[in-house]
Each structure stands twice: as structure tokens, then as C-alpha cells.
Amino acid sequence: MNIKPPVPEETSQQQNVPIYLPPVLFNGVYVIGDFPYDGRTSLPFANAHYGTLKGLCRTAKLNFDECVQTNLVPFFPANAFISVEQQAYVTQSLEQIVETFKTHPPKAFIFLGRQTLRHFKRGADGVDSERGAPFLWQGIPSIATFHPRELYSQFDYYAVVESDFGKAARYAINGWTEEKLEITYAPTFPECVRFLQMLIERRPYISTDWESVDSILGKYSLATCIGFGINGKKAFVIPFVREGGKHYFSLEEEIVIWRLVAKALESCPQLGHNICQYDHWFAAYHCKILMHAVDDTMFAFWEIYTELEKSLSFCASIHLDVSYWKNELKLARSGKVPRDREFIYNGRDNCVTIQVAQSTGKEIKELPPAVRAHYKFNIRCSRIFQYMSLRGCVVDRDKLRDRVSKLTLETASEAKLLEEQAGRKIKVTSPKQMKEWLYRDLRLPVRYKPVKQDDGSIEEKETADFLALAYTAREYPDLPALMTAALLRKKIKRLSSLNAIRLGPNGECYWNFNLIGTETGRASGYKPYCGLGVQPQNVDRRDRDLFTAGYGMVWGKCDLEGADAWTVAGQLSLLGDDTMLKDLLSGLKPAQILSLATIVGEEVIGWSQEKLKPLLKLHKPFLKTKEGKQIYDTDKSVSHGTNYMMTAPTMHITIFQKSKAELFVPIKQCEKKRLLYLKRYPGLEKLYAHIPTLINSHGYIDCPSGMRRVFFGRADNHRTRVGLSLIPQNNTAYATNRALHNLYFDDYNRRDKTTSLIIQPMNQVHDECDLAFHENEIERVREIFTKATDFDSEVWGTHFKIPFDPNYGPNWGECETGIYGDE
DNA sequence: TTAGGGACGTA
DNA sequence: CGTACGTCCCTAAT
């Protein structure tokens with residue numbers, strides 16, 4: 001059921017004081033909101049809102065009681081929305097604010113809330129985009145930010161709003177004026193030549209930025225300009241288009257310019273925002289230019305605050321005092337402002353990037369040296385990911401066609417079967433139709449699932465997902481249609497993923513990555529910008545056999561073995577429990593020990609490694625039987641889940657779900673196993689307690705890679721789980737990237753120590769490296785791989801070496817030959 | 001035509 | 001109340 005919070009009644013204006021004037025001292029700051037807390041308050045800001053603002057002001061060294069306080073509307077409007085009819089109140093309020101200037105001359109304004117900014121800044125993009133960017137209202141410096149009401153549901157922004165208040169306090173004392181930038185955006189041909197030749201000769205450290213548009217002719221992009229930032233105030237932009245889409249230069253001129261641009265981009269060390277990924281890819285893919293990108297403000301900003309937004313305007317809103325400029329590009333392209341405003345915009349981007357770099361650089365220097373080391377490491381790693389993006393792989397088109405037709409036939413016949421079993425047609429891909437069929441037509445008991453809301457709360461929602469169907473099918477064995485529908489929908493999803501694959505003429509398949517795409521330090525994968533390829537990290541296992549290395553090479557699939565478990569073992573060691581580490585060092589996987597306890601008896605859970613080793617050898621063949629495999633799968637889920645504080649009911653659910661409803665392990669049994677696991681590794685419960693202590697004492701966790709995760713969310717139970725998964729995820733990603741790093745940068749993997757790679761990286765899937773090499777070079781590959789993976793990991797003072805399990809074969813899905821030979 | 005959600009794939 | 005992601009389809013709003 002959907003229970004909405006009671007909406008306070010709309011009240012008359014007279015009940016509220018529309019404006020609060022500080023009785024004695026006035027600090028020059030006006031705090032202006034949209035409307036008051038509720039209908040009963042007699043002050044512009046009351047109760048929790050007052051408390052939050054008081055705190056925000058205190059951090060900014062302001063006394064909230066010394067601020068002028070008011071709202072646009074003096075009462076709580078219906079539906080918490082200021083309607084057009086209420087515009088009169090807003091006008092009145094604005095007049096009153098200006099009137100107050102006489103007694104209380106303003107030095108800075110703070111505007112609070114999503115409904116407020118547009119009344120003070122014409123054509124504003126909204127607080128989500130423009131918060132933290134200073135502007136003038138009535139000639140006075142102003143900052144828009146979120147309202148305490150909005151902070152309540154988006155608590156992550158608290159620190160950001162704090163920063164905004166800090167800015168306003170600063171402007172109230174020092175004032176604010178926009179820094180003038182010196183941007184050359186309409187250069188002549190000789191000016192361009194002279195500028196580019198200067199870059200080529202002196203090779204200065206500059207910022208660069210492309211602007212591009214998608215071509216209407218197909219899936220490729222065209223550069224509209226390229227800009228060069230000389231310093232934080234000066235930029236030079238070379239435009240390629242004029243009003244109406246015509247070329248800016250003549251063909252002959254443009255050819256000269258492009259040659260010089262290529263040379264400059266390949267020689268000058270460059271800085272940019274996401275330059276190491278987007279610009280570098282754009283230049284390489286479309287222009288065959290390999291940019292010499294050495295610093296990236298997006299990487300640097302992420303290194304300081306992994307949880308925050310990464311856009312340049314957001315970085316600027318935190319670090320700088322520049323006004324909002326991101327709407328300029330849209331305006332220039334839609335024709336609302338002259339076309340060349342796009343080039344000014346680009347020049348501004350370049351200057352701001354340099355300013356952000358200076359500011360983030362300073363901030364990183366104040367952090368432990370490991371943070372900067374990780375930044376540098378990631379900058380280097382970005383080249384590998386760019387290499388993998390450009391290399392891609394080759395999909396076996398014939399096999400793909402066969403797979404698609406096979407699945408098409410299967411889905412058609414299963415759909416027919418479903419129609420017979422259900423006695424009607426059901427579109428399984430429509431959640432709406434599915435729910436209607438289950439809960440209205442068949443009147444089956446409605447199933448719910450918890451869905452996370454934006455504010456972090458959880459709402460139970462009606463669902464017809466696989467789990468709901470599978471549980472219902474268990475309860476109603478006379479309704480075979482349920483399981484048919486559930487499996488059919490999965491198959492259709494798989495088929496449509498395959499149908500969505502677009503490839504190059506010879507099956508070329510590409511992918512893109514964002515090395516800093518997550519809050520934990522993992523990379524995220526995307527379908528490529530060029531459209532030809534797939535998201536590399538969520539390809540269905542059963543279809544991985546379609547992907548080949550191409551060019552006569554074999555596919556090498558190299559997994560880290562139990563990387564998460566090794567990391568958890570390191571954490572437990574510091575907390576005085578080294579059992580997991582000893583188990584792993586003896587070749588005993590925690591899940592295997594749980595299985596032995598199931599097979600032999602609970603008492604073995606306390607046994608030493610020496611006693612368990614022969615026992616495992618004895619029972620290993622059984623664990624490979626169907627019955628044994630079910631036990632082992634269960635124990636893998638329990639051990640993995642318990643590491644991350646999962647509860648027994650969820651383990652039961654995931655086991656049921658993962659096995660496609662074939663493995664139903666009662667909750668009680670999961671709980672028994674969970675407790676058994678905790679009995680062997682008592683340090684885990686210490687870890688559950690230690691993680692929140694760690695976060696609460698500093699507000700952050702430093703990871704093995706050097707990455708620092710600052711926590712902005714509420715200090716709730718959820719945070720503990722986030723913290724528990726953080727270090728294993730981070731360390732696994734780090735180890736995988738280190739292997740790729742060694743392969744890419746060390747001489748032993750280069751022919752003649754120059755350009756050509758012997759083992760070519762193709763893909764990374766969190767704890768898996770995918771590599772291409774020639775099978776006839778397997779001995780050399782073995783040597784190289786041994787060297788590349790020979791490094792120590794360190795977690796909380798414990799050192800260990802995570803083993804790799806390297807295999808190869810004709811394609812991604814069939815890597816069954818050990819690189820070191822079998823066994 | 002586009003955004004948001006539901007469902008489902010990966011680690 | 002494991003965590004971290006991206007993509008496909010459908011639906012409702014524009």
C-alpha cells in the first residue's frame with residue numbers, strides 16, 4: 001500500500017511572519033526559501049529546517065539568527081508547490097525583500113530550494129545544475145542551493161550545501177566579481193598557424209577540449225572546434241564551423257590546421273576533464289591522433305570524493321567562484337545565441353579546467369601520498385582501457401546468426417506453450433500485463449519486493465519478477481504456465497541483447513570503459529560510442545563463446561582466484577583472526593570447509609588446516625557430482641554472503657534465484673551454515689563492528705589501492721554494508737588493473753621493446769583480465785604472464801599474493817586450456 | 001519522441 | 001534489508 005505523508009493544510013498569510021529581521025546584529029546575509037515548514041509555524045524557518053540552517057551557518061561561521069530570513073510564499077502551499085496563482089505572493093515577497101535593503105543592506109543572498117532560483121535568475125537551468133555557482137541579484141552576490149527539506153531526502157548533499165553556505169559567507173565579507181577571461185575564439189588562419197607552431201616548438205603544458213556533434217549521416221562524430229587553455233584565464237580556440245554549418249576555414253587551410261593540431265596534440269603534455277577517456281578516444285577513433293594526455297581533472301576530483309558528481313560544472317561549483325556557463329552550449333547550438341558562443345564556451349571550459357586542476361591538485365597534496373599515487377596509477381591505466389576500447393574483439397557472425405535463430409525458434413515455441421497452458425495470450429515482456437494476469441486474472445497472492453527510493457528509504461512494491469513467479473509456481477504446482485512465463489521472459493531478454501548487437505563489416509566488436517565509473521574503485525563498462533559492440537561486463541555467460549580474439553589469436557581468460565576472500569582474510573588478520581588467511585594459504589577455500597562440515601559433520605569446522613587438507617582431497621570428487629555441487633553452490637553463497645553481513649533469508653532467496661528455482665535451501669539451513677561459518681571465522685563479527693567505527697571516526701575509509709572513500713550518506717546500518725564491500729571490491733579491482741598495467745607497460749611484453757604487444761589486453765571484468773595472444777607463442781606468454789602477475793597485495797598490514805587462474809581457448813566462452821598446462 | 005521503472009545480465 | 005554496475009523493453013507523459 002502506498003501511504004503518503006499527511007500534507008499540511010494551506011493556511012492564511014496572517015498566521016505567519018513573512019520576514020524575519022535580526023533584532024540586534026545583522027551579518028549582511030539574506031536566507032530566502034520557498035515556503036515555511038508547515039501551516040502552523042510563525043517564523044520563515046522553523047523546527048528541523050531552522051536547526052539544519054543554524055548548523056549550516058555555524059559551519060560557515062555565520063550566525064543564522066543574524067541573517068534576514070524569508071520565503072517566497074508566507075504559507076505552506078497545497079501539494080508543496082508554488083502555483084501560478086500564487087505568483088502575487090512571490091511578487092509581494094520580492095518587493096518586501098528589496099524594501100528591507102534600506103534597513104538591512106545585503107551583502108550576500110542564499111536562495112534555497114528547487115522552486116526558488118527561477119524567481120531570481122531568468123531562464124535558470126535549476127538548482128540541480130546551478131547550485132554553488134555565484135551570480136548577481138540586485139547587484140549582490142548570490143548562491144542558490146538546496147533547501148533543508150530537500151536535504152532530508154537527499155542527505156548526501158549535506159556537505160555540498162555546507163560548501164555553498166561557506167561561499168556565501170565569504171562573499172558577504174569579500175564580495176564577488178566574475179574573473180575576466182581572455183579567449184581567442186575567432187582566429188585568422190595565420191594566427192592559428194602561429195599558435196600551433198608555438199605549441200609544437202615549446203611543448204607547453206596546456207588544457208585541451210574538443211566540442212563535437214553526432215553526424216546526421218551516421219554513427220560518427222564531427223569536431224566543431226578544439227580549444228587550448230594556456231592558463232586559468234587565457235585560451236585559444238580553433239573553430240571548424242560557421243553559422244549555418246559551413247566550414248570556418250577553406251579546405252586548404254583546414255588541411256594545414258589539422259596537420260598542425262595533430263602534431264600539437266601528440267607533443268604537448270595535456271590536461272583535460274575526462275580527456276584520458278573521451279577526448280583521447282575521440283581523437284584516436286575519428287582523427288587517428290594519439291593525444292598526449294597526462295592529467296585529468298575528472299580523475300583527480302573523483303580521487304578526492306568518489307561519491308560526488310564528476311561533471312566539470314560540479315567540480316567548479318565546489319572548488320571555484322565561477323558563474324554557471326553550461327547552458328551556453330545548448331543555446332549556441334539551438335540558435336538562441338550566435339553560433340560562435342560555442343567557441344567562447346569551449347575556451348571557458350579550458351580555463352575552468354585549469355583552475356579546477358590547480359585547486360584539486362592542492363587538495364590532493366593535503367591527503368596521504370597514496371591518494372596521489374593512485375591517481376597517477378589510474379591515469380596510466382586509462383591508456384590500457386583506451387587500448388582495449390580501440391582494439392575490441394571479433395564476434396563470430398555465423399555463430400551469432402545461428403544462436404539468434406535457435407533462440408528465436410525456442411521463444412516462439414515456448415510462447416505457444418504458454419498460451420496453451422495459460423489459456424490466453426500474455427506478453428511476458430510487459431510487467432503491467434504480467435501483474436494483471438497473476439494478481440487480477442488468476443487472483444494469486446500478490447508478491448512484493450523492496451525497492452530503494454531516492455531518499456534511501458525502502459518501499460515494498462508489487463512485482464512479477466522471476467523470483468515472484470518461481471515462488472508462486474512452487475505453491476501452485478498445477479499452474480505450469482507460471483514457470484513457462486518466467487523462463488520465457490529470461491530467454492527473450494537474452495535474445496534481445498543478441499539482436500541489439502551491431503558489428504563492423506568483419507564482425508569487429510568494440511566496448512568502452514570508465515575507469516572511475518564506480519564509488520568503489522571498479523571500472524564500469526559501456527556500449528561503445530561508435531555503436532558497434534556491447535557492454536563488456538554484462539554479456540550473458542552462455543553467449544561468450546561468440547566472442548573471439550580475431551587476427552588468428554586465441555582468447556586468454558585470466559581470473560583472480562578468490563580475490564574477495566583474500567582481502568577479507570587480510571582484514572580479519574588485523575582483528576586477531578588469521579584462520580581465513582591460513583586456510584587460503586593451505587589451499588582451502590572457506591566455502592569448501594563449509595561443505596566438508598555438511599558432508600562429514602559439524603565438528604570439522606574447528607579443525608586445523610593440516611587435518612582438513614586430506615579430508616578435502618578425499619571428498620573433492622563428491623563435490624563435483626550433482627548432489628555435491630548443490631551443496632558447494634549453497635556454501636559458496638553462504639560464505640560470500642556472510643562476508644558481507646547478509647542474513648539467512650536473503651541467502652535463501654539468492655540461492656533459489658541463482659539456481660533458476662531448482663535449489664530451495666530452507667532459511668533455517670542457511671542460518672545454520674551462516675553460524676557455522678562465523679564459528680570458524682569469529683573475526684567477521686569483529687569486522688561488522690569495526691567498519692562503522694572506522695567510518696564514523698574519520699568519515700572515510702582508505703583503501704589498499706590508495707583510494708579514499710569519503711562517506712556522505714547518513715550514518716545508518718546500510719553504511720556498514722557499503723563499507724564491508726568496499727575494500728574487497730577495491731582491492732580486487734586494483735589487483736586486476738595491476739596485472740594489466742604490468743602487461744601493458746613493461747618491456748617484457750613488447751616485441752623489440754617498442755610498440756607491438758605480445759599479450760594484448762582486450763577486456764576487464766572486475767576480477768578477470770581477457771587477453772589475446774598467438775597460441776604458438778604460449779611459452780613466451782607463460783613467462784610474461786608469470787612476471788606480470790608477480791606482485792604482493794597488502795590489506796591492513798597483511799601481505800599476500802592473490803593467485804591467478806589463467807586459461808585460454810578459441811573464444812571467451814571456451815577457455816579450457818590452462819596457460820601453465822592442465823593441473 | 002523521451003524519462004522512468006521494471007526486469008535481468010555481470011562481478 | 002550484501003555491494004557495485006549498464007541495457008533492454010514497456011508505459012505514460014509530452
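All chains are named by letter (A, B, ...) in the order of the sequence lines, taking the proteins before the strands, and each is independently numbered beginning at 1.
- Considering only side-chain N and O atoms, K427(A) lies under 4.0 angstrom from the phosphate OP1 or OP2 of dC10(C).
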Check step by step if side chain to side chain contact (heavy atoms under 4.5 Å, CB included) holds for T548(A) and C393(A).
-> CA-CA 6 Å; T548(A) 73; C393(A) 68; over 6 Å; no

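- Residue K493(A) has no polar side-chain atom (N or O) positioned under 4.0 Å from OP1 or OP2 of dT7(C).
- In this structure, Y157(A) has its ring center no closer than 6.0 Å to that of F712(A).
- Relative orientation of the Y278(A) and F282(A) rings is tilted, given thresholds of 30° and 60° on the angle between their planes.
- Here W555(A) and F547(A) keep their ring centres 6.0 angstrom or further from each other.
- The separation between L495(A) atom CG and dT7(C) atom P is 19 Å, rounded to whole Å.
- Residue R541(A) has its side chain nearest to dA11(B) when only dT7(C), dA11(B), dA7(B) are considered.
- Residue K490(A) has its side chain nearest to dC8(B) when only dA11(B), dT3(C), dC8(B) are considered.
- Atom CG of L467(A) is separated from atom C1' of dG9(B) by 16 Å (rounded to the nearest Å).
- For the 3.5 Å distance criterion, the side chains of Q764(A) and D770(A) fail to qualify, holding no donor opposite an acceptor.
- Side-chain atoms of S725(A) lie closest to dT3(C) of the nucleotides dC10(C), dC8(C), dT3(C).
- Here F791(A) pairs with nothing under the ring-ring contact (aromatic ring centres under 6.0 Å, His included) rule; sequence neighbours left out.
- No contact: E768(A) has no heavy atom under 4.0 Å from any strand.
- Across all strands, T654(A) comes closer than 4.0 Å to no nucleic acid atom at all (heavy-atom distances).
- Using bins of under 30°, 30° to 60° and over 60° for the plane-to-plane angle, the ring pair H640(A)/Y644(A) lands in the perpendicular bin.
- A close approach under 4.0 Å does not occur between any side-chain nitrogen or oxygen of R494(A) and OP1 or OP2 of dG9(B).
- At whole-Å resolution of the value, OH in Y448(A) and P in dG5(B) are 19 Å apart.
- Across all strands shown, K491(A) has no heavy atoms under 4.0 Å from either base or sugar-phosphate atoms.
- Residue contacts for V539(A): at a heavy-atom cut-off of 4.0 Å it reaches the sugar-phosphate backbone alone, with no base atom in range.
- Between F377(A) and H374(A), the ring planes lie parallel to each other; the angle is under 30°, not in the 30° to 60° tilted range.
- Of the candidate nucleotides dC8(C), dA11(B), dC1(C), dA11(B) has the atom lying nearest to any side-chain atom of R522(A).
- Atom CD of Q535(A) is separated from atom P of dC8(C) by 10 Å (rounded to the nearest Å).
- Comparing dC8(C), dA4(C), dC9(C) against the side chain of T429(A) picks out dC9(C) as the nearest.
- The side chain of S496(A) lies closest to dC9(C), out of dT7(C), dA11(B), dC9(C).
- Around atom NZ of K672(A), no more than 12 heavy atoms belonging to other residues, nucleotides or ligands sit under 6.0 Å away.
- The side chain of V722(A) lies closest to dT3(C), out of dC8(C), dA7(B), dT3(C).
- Listed pair H718(A) / dT3(C) meets the phosphate criterion, a side-chain N or O lying under 4.0 Å from OP1 or OP2.
- When each of dG6(B), dA11(B), dC8(B) is scored by its nearest atom to the side-chain atoms of P431(A), the top-ranked nucleotide is dG6(B).
- The side chain of I458(A) lies closest to dC1(C) when the candidates are dC1(C), dC8(C), dA11(B).
- Going from atom NZ of K336(A) over to atom CG of N327(A) covers 10.5 Å, rounded to the nearest 0.5 Å.
- Rounded to whole Å, the distance from CE on M707(A) to P on dA4(C) is 12 Å.
- What separates CH2 of W511(A) from P of dA11(B) is a distance of 14 Å, to the nearest Å.
- Checking the phosphate oxygens (OP1, OP2) of dG6(C), a side-chain nitrogen or oxygen of Y526(A) falls inside 4.0 Å.
- R544(A) has a side-chain polar atom (N or O) that falls below the 4.0 Å cut-off from OP1 or OP2 of dA11(B).
- When rounded to the nearest whole Å, the span between CZ of R709(A) and P of dT3(C) equals 12 Å.
- Protein atom CZ of F466(A) is 13 Å distant from nucleotide atom P of dA7(B), rounded to whole Å.
- If you look at F299(A) and Y375(A), their ring centroids are not closer than 6.0 Å.
- D540(A) and S497(A) share no side-chain donor-acceptor pair at under 3.5 Å.
- Applying the 4.0 Å criterion to OP1 and OP2 of dC8(C), one finds that K527(A) has a side-chain N or O inside that range.
- Heavy-atom distances to DNA chain C give each of E519(A) and K658(A) a nearest nucleotide, and the one nearer the 5′ end belongs to K658(A).
- Distances shown here put every side-chain N or O of S497(A) at or beyond 4.0 Å from the OP1 or OP2 atom of dC8(C).
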Enumerate all atom pairs, one protein N or O and one N or O from nucleotides 12-14 of chain C, separated by less than 3.5 Å.
{"from": "dA12(C)", "atom 1": "OP1", "to": "K432(A)", "atom 2": "NZ", "distance (Å)": "3.2"}

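- In this structure, A523(A) reaches neither bases nor backbone, as no heavy-atom distance under 4.0 Å exists between it and the strands shown.
- For Q729(A), whose side chain is taken as the heavy atoms from C-beta onward, the closest listed nucleotide among dA4(C), dC8(C), dC10(C) is dA4(C).
- Taking every heavy atom of residues 679-687 of chain A and every atom of DNA chain B, no pair lies under 4.0 Å.
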